[in-house]
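Owing to the predicted nature of the structure, the values given are computational and were not obtained by experimental measurement.
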Amino acid sequence: MAGGLVKYRHLSRKSSHRQALLRNLLTALVQHERIHTTWPKAKETQRLADKLITIAKRNNETSRRKAQGILYTPHALLPKLFGELRRRYADRPGGYTRVLRTEPKSKYDQGDSAILELVDGPRDMRFAMTAAAVARDQKMGKQSTYYTLLNKKKVTQFRKNGADEFSKMVTKVAKLSLDKRVLNPANPSHNL
């Protein structure tokens, strides 16, 4: 039967290899809170990561056993999953991960690449980029755009002390001199 709706991406692998790959990516995501992989792998891992964090939010013996069966190094990652990550996402109803498309990792095959990250973490890319945009707007003395304000609302909505952390990040970024060019006295032609 040709065509039709597919429940998940097969990733050109047989079932056991695909499950092992996704478990490995999920273990790395919980450990590092950000992974760089291909876009289809990131989207499939995103589905499993959201389910795993939802399981961790239940915080009972059954959920611990399910999480232990999914992660490759449960003895190292279960305390983080049922401690830090569960508390971070306690009030968030869903959407614990974000997939950001990037330039292809390999110039050979030009496959779509992506970064899969946990939201509201210490290395949240959208949080830092929105703070930089607000700092730039304040420095230039102009109003922030609608999308900058929308991103500001999104990154502070479920984060504990989100508005305070955001204002600290804006002042931190404002102190950086990102718009000044580095002058090279050895070659003045590059200073133009």
Notebook entry, point to check: Does a sphere of radius 6.0 Å around CZ in R123 hold more than 12 heavy atoms from other residues, nucleotides or ligands, not counting ones at 6.0 Å or beyond?
Noted result: no
Next item on the list: Look up atom NE2 in H75 and atom CG in L77, then write down how far apart they are to the nearest 0.5 Å.
Entry: 8.0 Å
Margin query: Using the side-chain hydrogen bond (donor to acceptor under 3.5 Å, both in side chains) criterion, which residues pair with R47? Sequence neighbours excluded.
Written below: E44
Notebook entry, point to check: What's the shortest heavy-atom distance between R92 and G95, and which atoms?
Noted result: NH1-O, 3.4 Å
Next item on the list: Looking only at non-hydrogen atoms, find the nearest pair between L29 and I35 and report the distance.
Entry: N-CG2, 3.9 Å
Item checked: L149 with V173, same ILVMFWY side-chain cluster at under 4.5 Å -> no
Next item on the list: Could you tell me whether D91 and K160 have a side-chain N and a carboxylate O separated by less than 4.0 Å?
Entry: yes
Note to self: For residues F158 and V119: do they belong to one hydrophobic cluster (side chain heavy atoms under 4.5 Å, members Ile, Leu, Val, Met, Phe, Trp, Tyr)?
What the structure shows: no
Check: If every non-hydrogen atom of S113 is compared with every non-hydrogen atom of E103, which pair is closest and at what distance?
Finding: CB-O, 3.2 Å
Next item on the list: Quick one: list whatever passes side-chain hydrogen bond (donor to acceptor under 3.5 Å, both in side chains) with K41, sequence neighbours left out.
Entry: none
Notebook entry, point to check: In the single-linkage hydrophobic clustering (I, L, V, M, F, W, Y; side-chain heavy atoms under 4.5 Å), do V30 and V99 co-cluster?
Noted result: yes
Note to self: For a 4.5 angstrom cut-off between non-hydrogen side-chain atoms, does Y96 reach T54?
What the structure shows: yes
Notebook entry, point to check: For H36, what residues pass the ring pair (Phe, Tyr, Trp, His ring centres under 6.0 Å) criterion, not counting sequence neighbours?
Noted result: none
Note to self: Assigning hydrophobic clusters by single linkage (Ile, Leu, Val, Met, Phe, Trp, Tyr; side-chain heavy-atom cutoff under 4.5 Å), is L25 placed with I70?
What the structure shows: yes
I'd like a table of donor-acceptor pairs (distance under 3.5 Å, sequence neighbours excluded) in which one partner is a side-chain atom from residues 162-170, with atom names and distances.
from	atom 1	to	atom 2	distance (Å)
E165	OE1	R159	NH1	3.2
S167	OG	A163	O	3.3
S167	OG	D164	O	2.8

Item checked: Side chains of L81 and I55 in contact at under 4.5 Å (non-hydrogen atoms) -> no
Checklist line | Whether T130 side chain and F127 backbone form a donor-acceptor pair below 3.5 Å | finding: no
Note to self: Between Q68 and L78, is the side-chain contact (heavy atoms from CB on, under 4.5 Å) condition met? List the steps.
What the structure shows: CA-CA 7 Å; Q68 191 172 5; L78 279 181; 4.2 Å; yes
Next item on the list: Go through the steps for K57 and L85 under the test side-chain contact (heavy atoms from CB on, under 4.5 Å), then give the verdict.
Entry: CA-CA 9 Å; K57 284 172 63 173; L85 296 179; over 6 Å; no
Check: Shortest non-hydrogen contact from T45 to L26?
Finding: CG2-N, 4.0 Å
Notebook entry, point to check: If Ile, Leu, Val, Met, Phe, Trp and Tyr residues are connected whenever their side-chain heavy atoms lie under 4.5 Å apart, and connections chain through other members, are I53 and I115 in the same group?
Noted result: no
Note to self: So, using side-chain contact (heavy atoms from CB on, under 4.5 Å) as the criterion, who are the partners of A20 when residues are at least two apart?
What the structure shows: Y72
Next item on the list: List the steps, then state whether side chain to side chain donor-acceptor pair (under 3.5 Å) holds for T27 with N24.
Entry: CA-CA 5 Å; T27 302; N24 193 12; 5.5 Å; no
Margin query: Working to the nearest 0.5 angstrom, can you tell me the gap between L11 CG and Q19 CD?
Written below: 11.5 Å
Check: From H10 NE2 over to R13 CZ, what is the distance, rounded to the nearest 0.5 angstrom?
Finding: 13.0 Å
Item checked: Flag side-chain contact, heavy atom, 4.5 Å: D124 against R98 -> yes
Notebook entry, point to check: Considering the options L116, L100, D112, which one meets the side chain to side chain contact (heavy atoms under 4.5 Å, CB included) requirement together with W39?
Noted result: D112
Next item on the list: For the residue pair T145 and T148, establish whether any side-chain heavy-atom pair is separated by less than 4.5 Å.
Entry: yes
Notebook entry, point to check: Can you tell me how far the CG atom of L21 sits from the OG atom of S16, to the nearest 0.5 Å?
Noted result: 11.0 Å
Next item on the list: Give a yes or no on whether the backbone of A114 and the side-chain of R101 come within a donor-acceptor separation of less than 3.5 Å.
Entry: no
Next item on the list: Scan residues 63-82 for pairs that pass salt bridge (Lys or Arg N to Asp or Glu O under 4.0 Å), counting only residues two or more places apart or in two chains.
Entry: E33-K80, E61-R65
Notebook entry, point to check: So, do Q143 and D137 sit near enough that their side-chain heavy atoms are less than 4.5 Å apart?
Noted result: no
Note to self: Ignoring hydrogens, what is the shortest heavy-atom contact between G111 and P104? Give both atom names and the distance.
What the structure shows: O-CB, 3.3 Å
Check: What is the distance from atom CZ of R126 to atom CG of D120, rounded to the nearest 0.5 Å?
Finding: 10.5 Å
Margin query: What I'd like to find out is whether the side chain of Q138 reaches to under 4.5 Å of the side chain of V134, using heavy atoms alone.
Written below: yes
Next item on the list: Provide the closest heavy-atom pair for R34 versus E117 in the form atom of the first, atom of the second, distance.
Entry: NH2-OE1, 3.1 Å
Note to self: What's the separation between atom NZ in K152 and atom OG in S144, rounded to the nearest 0.5 Å?
What the structure shows: 7.0 Å
